[in-house]
2 protein chains.
Amino acid sequence: MLTERQRLILSAIVDDYIRSAEPVGSRSISKKSGVGYSPATIRNEMADLEELGYLEQPHTSAGRIPSAKGYRYYVDHLLRLGEVDEEDLRTVREFFSRKMTRMEQIIQHAATILANLTNYTSIVLGPEVFSNSLKAFQLVPLNEQMAVAIIVTNTGHVENRTISIPPGFDMNEFEKIVAILNAKLVGVPLHKLQTKLYTEVSEELNRYVNHCEMIIDALAQALEQRTEHRAFTSGTSNMLSQPEFRDVNKVKSILEWLDETPALVRSFSPKQEGIQVRIGSENADEALQNCSLITATYVVDGTTVGTIGLLGPMRMDYAKAITLMDILSKNLSVMLARCYN
Amino acid sequence: MLTERQRLILSAIVDDYIRSAEPVGSRSISKKSGVGYSPATIRNEMADLEELGYLEQPHTSAGRIPSAKGYRYYVDHLLRLGEVDEEDLRTVREFFSRKMTRMEQIIQHAATILANLTNYTSIVLGPEVFSNSLKAFQLVPLNEQMAVAIIVTNTGHVENRTISIPPGFDMNEFEKIVAILNAKLVGVPLHKLQTKLYTEVSEELNRYVNHCEMIIDALAQALEQRTEHRAFTSGTSNMLSQPEFRDVNKVKSILEWLDETPALVRSFSPKQEGIQVRIGSENADEALQNCSLITATYVVDGTTVGTIGLLGPMRMDYAKAITLMDILSKNLSVMLARCYN
DNA sequence: GTTAGCACTCGACGACCGAGAGTGCTAACC
DNA sequence: GGTTAGCACTCTCGGTCGTCGAGTGCTAAC
């Protein structure tokens with residue numbers, strides 16, 4: 001358990017380091033208003049804090065920097081949330097008052113704004129539609145061999161696949177198929193569609209439509225390819241502005257990680273509700289050992305449909321980042337609810 | 001006009017520099033098989049080539065490096081195309097034999113492969129659907145206030161917008177609207193849809209459906225937001241592997257450029273058919289002065305639907321890049337034709 | 001026209017040095 | 001006993017200097 005003074009000093013060091021990115025010395029802490037101790041006293045406390053693992057020293061005779069544990073303590077106990085820049089708030093409001101008609105567009109735009117306001121890199125995953133349920137089904141023939149199958153989900157998401165039409169198939173049967181599928185499958189979660197196709201629909205369909213096995217197969221196969229998660233990043237170049245990443249090799253692995261959708265998905269997957277902060281080594285991924293990742297989920301129609309993330313150096317402005325993400329994810333949920341619910 | 005020997009030397013220098021990224025000296029050229037001249041002779045020629053603007057010298061007593069003009073000459077006259085690594089070819093073939101059901105997925109995958117094989121950064125624009133024509137139109141109500149309008153184009157692309165339903169509107173009218181719109185608008189290019197909605201459809205629709213003005217307005221408004229070009233990049237981190245970009249500041253502006261879709265679109269817009277190489281200052285964009293951008297277009301149903309680009313340092317392996325892009329864009333067109341035509 | 005020889009140039013690299021920032025320890029102070 | 005002034009010590013950073021090597025340009029010989 002830290003004493004009040006230790007907390008004060010730790011807090012001051014983290015604040016300072018977040019601002020300056022340079023090791024913080026005892027003198028500069030001592031000079032701060034609100035701290036009534038001499039450098040020597042501060043030094044003693046700093047030595048203690050280092051021993052406890054909250055601080056680190058790049059080398060003898062440099063100041064201290066917070067360790068991952070230090071940041072964690074800061075985030076858990078010392079953070080003062082809630083003060084948002086008026087200007088930033090205006091930007092966010094302006095964004096949410098705009099009219100947009102595509103869900104993806106809304107979310108990606110939100111991510112861009114997040115990246116711009118924080119100067120970190122934002123990542124959007126989803127929308128995850130696999131747990132949605134079917135709202136409507138449609139088949140549009142393109143020509144004699146090909147048709148587009150369209151699926152609309154309860155959250156207003158539209159998914160489409162190209163399927164090939166068996167030769168000799170009567171195009172007029174399409175309407176029947178669509179009608180039957182809609183009658184049977186609306187309301188069914190997408191991840192159950194495939195099995196339902198074979199168990200419940202197949203038989204019925206066979207009764208009315210000839211040669212429909214191949215259509216069912218094609219549909220099932222198209223569903224097989226569950227939409228791999230889509231990832232969208234914004235503000236990648238912001239990473240390069242961070243002084244800790246002035247060395248190309250340090251950023252490289254991070255950019256590689258950002259480039260690789262599966263890796264992103266893996267890191268995001270334990271989708272706890274709400275805001276989550278992972279600091280340095282709390283990230284499983286090797287590439288993120290020097291980074292912090294803040295994630296927040298957004299909700300449509302009661303289900304969590306996607307995750308929005310913010311990646312920065314460990315020395316992140318947690319207060320600003322967290323409040324902004326909180327505002328953004330809540331507004332996002334509200335806006336999406338207004339559009340799709 | 002260059003002499004045969006000058007061409008030989010220029011070619012050797014470019015080849016060497018592409019490989020090593022270091023200024024090329026007269027000695028190393030002289031030692032190459034196929035070059036039967038002493039370093040001194042080479043030096044004289046190099047001095048001439050520099051005077052003509054094809055070579056540059058980072059400083060006295062360093063070797064020469066090709067200038068933008070030198071690369072241009074190399075690409076236009078000296079390039080030997082057509083030799084592709086067997087391994088690479090296998091990767092490409094394997095890719096095109098795979099079965100994929102989403103157009104975007106196919107294209108993005110192709111871009112990823114391109115980036116992996118070349119170690120440069122690939123960019124995909126499109127598919128550009130604005131010049132497509134309408135194949136089918138569909139309206140799916142989500143609830144009392146919202147509906148999804150779905151547009152399928154002749155190239156199999158599916159576009160969707162959320163529109164709000166005027167209060168008191170009879171849901172059963174939807175079918176009529178859809179029928180009329182399909183009857184009137186199928187075959188019309190997307191960019192003419194908006195005007196046609198008002199000129200030809202509005203009247204007819206009014207005759208059969210009550211309160212449909214607001215629906216038309218909503219549709220027109222949704223179409224207003226022509227889908228901004230979508231950009232997809234892959235292999236961003238490859239930029240950091242290039243020795244010329246070991247300095248963070250040099251890459252930063254490039255990454256910013258890559259992050260900004262409108263800038264990408266601007267650079268790509270003069271969409272000439274086929275493969276195009278823009279070297280260094282031939283790129284209008286400030287950020288690309290030290291880069292080369294190779295672009296290729298792909299085609300579905302006779303119209304150019306999108307562009308695929310490859311961004312690397314000026315010191316690019318043009319031969320490999322161009323042949324690969326050629327193969328890829330042609331295969332892509334064939335594959336898309338098979339899927340959507 | 002081509003090439004050997006040679007003086008010259010310039011950047012890269014390592015060694016060295018002083019300045020500055022910050023520490024840890026000790027002893028004095030309240 | 002907690003706090004603080006003083007001081008020796010440590011370590012990095014930036015600048016200077018000299019050496020090394022690669023490569024050039026010029027001249028003279030072939």
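Below, chains carry the letters A, B, ... as their sequence lines are ordered, and counting in each starts from 1. Computed from heavy atoms alone, side chains included, the values below leave out hydrogens, waters and symmetry copies. Keep in mind that what you see is a predicted model, and the values were worked out from it rather than measured.
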Under 4.0 angstrom between A:Thr60 side-chain N/O and D:dC11 OP1 or OP2: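 Yes, A:Thr60 has a side-chain N/O under 4.0 Å of OP1/OP2 on D:dC11.
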Between B:Arg7 and B:Tyr73, a side-chain donor and acceptor under 3.5 Å: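 Per modelled atom types, B:Arg7 and B:Tyr73 side chains form a pair under 3.5 Å.
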A:Thr118 versus A:Lys320, side-chain donor and acceptor atoms under 3.5 Å: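 Distance-only check fails for A:Lys320 and A:Thr118.
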Spacing of B:Phe232 atom CZ and B:Ile308 atom CD1 [to the nearest 0.5 Å]: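 Going from the CZ atom of B:Phe232 to the CD1 atom of B:Ile308 covers 10.0 Å.
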A:Val24 or B:Ala40, whichever maps to the more 5' nucleotide of DNA chain C: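 Comparing both residues, the 5'-ward one is B:Ala40.
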Position toward the 5' end of DNA chain C (nearest nucleotide), A:Asn44 or B:Arg5: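 Nearest-nucleotide comparison on DNA chain C picks B:Arg5.
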Take the protein atom [atom1] of [X] and the nucleotide atom [atom2] of [N], then report the distance between them rounded to whole Å.
{"X": "A:His59", "N": "D:dT10", "atom1": "NE2", "atom2": "P", "value": "14 Å"}
{"X": "A:Ile42", "N": "D:dG2", "atom1": "CD1", "atom2": "P", "value": "16 Å"}
{"X": "B:Met46", "N": "D:dG23", "atom1": "CE", "atom2": "C1'", "value": "8 Å"}

Watson-Crick or G-U wobble mate for D:dC30, both contacts under 3.5 Å: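 Per the H-bond distance test, C:dG1.
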Pair assignment for D:dT12, Watson-Crick or G-U wobble, requiring both distances under 3.5 Å: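 Pairing partner: C:dA19.
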side-chain contact (heavy atoms from CB on, under 4.5 Å) assessment of A:Arg64 paired with A:Leu49: CA-CA 10 Å; A:Arg64 303 301 209 291; A:Leu49 283 169; over 6 Å; no
A:Val35 side chain near A:Ile42 side chain, heavy-atom distance below 4.5 Å: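 Touching, per the 4.5 Å side-chain cut-off.
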Any A:Pro243 side-chain heavy atom under 4.5 Å of A:Arg246 side chain: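 Answer yes - side chains close enough.
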Residue A:Arg72 excluded, over 12 heavy atoms near CZ under 6.0 Å: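 Yes, CZ of A:Arg72 has more than 12 neighbouring heavy atoms, counting only those of other groups under 6.0 Å.
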Heavy-atom neighbours of A:Lys330 NZ exceed 12 at 6.0 Å: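 Not buried by this count: 12 neighbours or fewer within 6.0 Å.
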Side-chain-base donor-acceptor pair under 3.5 Å for A:Ser61 and D:dT10: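 By the distance-only test, yes, there is a pair.
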Selection: residues 9-23 of chain A, any non-hydrogen atom under 4.0 Å of DNA chain C: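 Hits under 4.0 Å, by residue number: none.
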Touch class at under 4.0 angstrom, heavy-atom based, for A:Thr41 against every strand present: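 Base: the residue A:Thr41, judged by heavy atoms under 4.0 Å, touches a nucleobase.
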Opening and closing nucleotides of DNA chain C in contact with chain B, under 4.0 Å to non-hydrogen atoms: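 So the outermost contacting nucleotides come out as C:dT2 to C:dG11.
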Salt-bridge criterion met for A:Lys32 and A:Asp15 (N-O under 4.0 Å):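 A salt bridge is absent here (no side-chain N lies under 4.0 Å from a carboxylate O).
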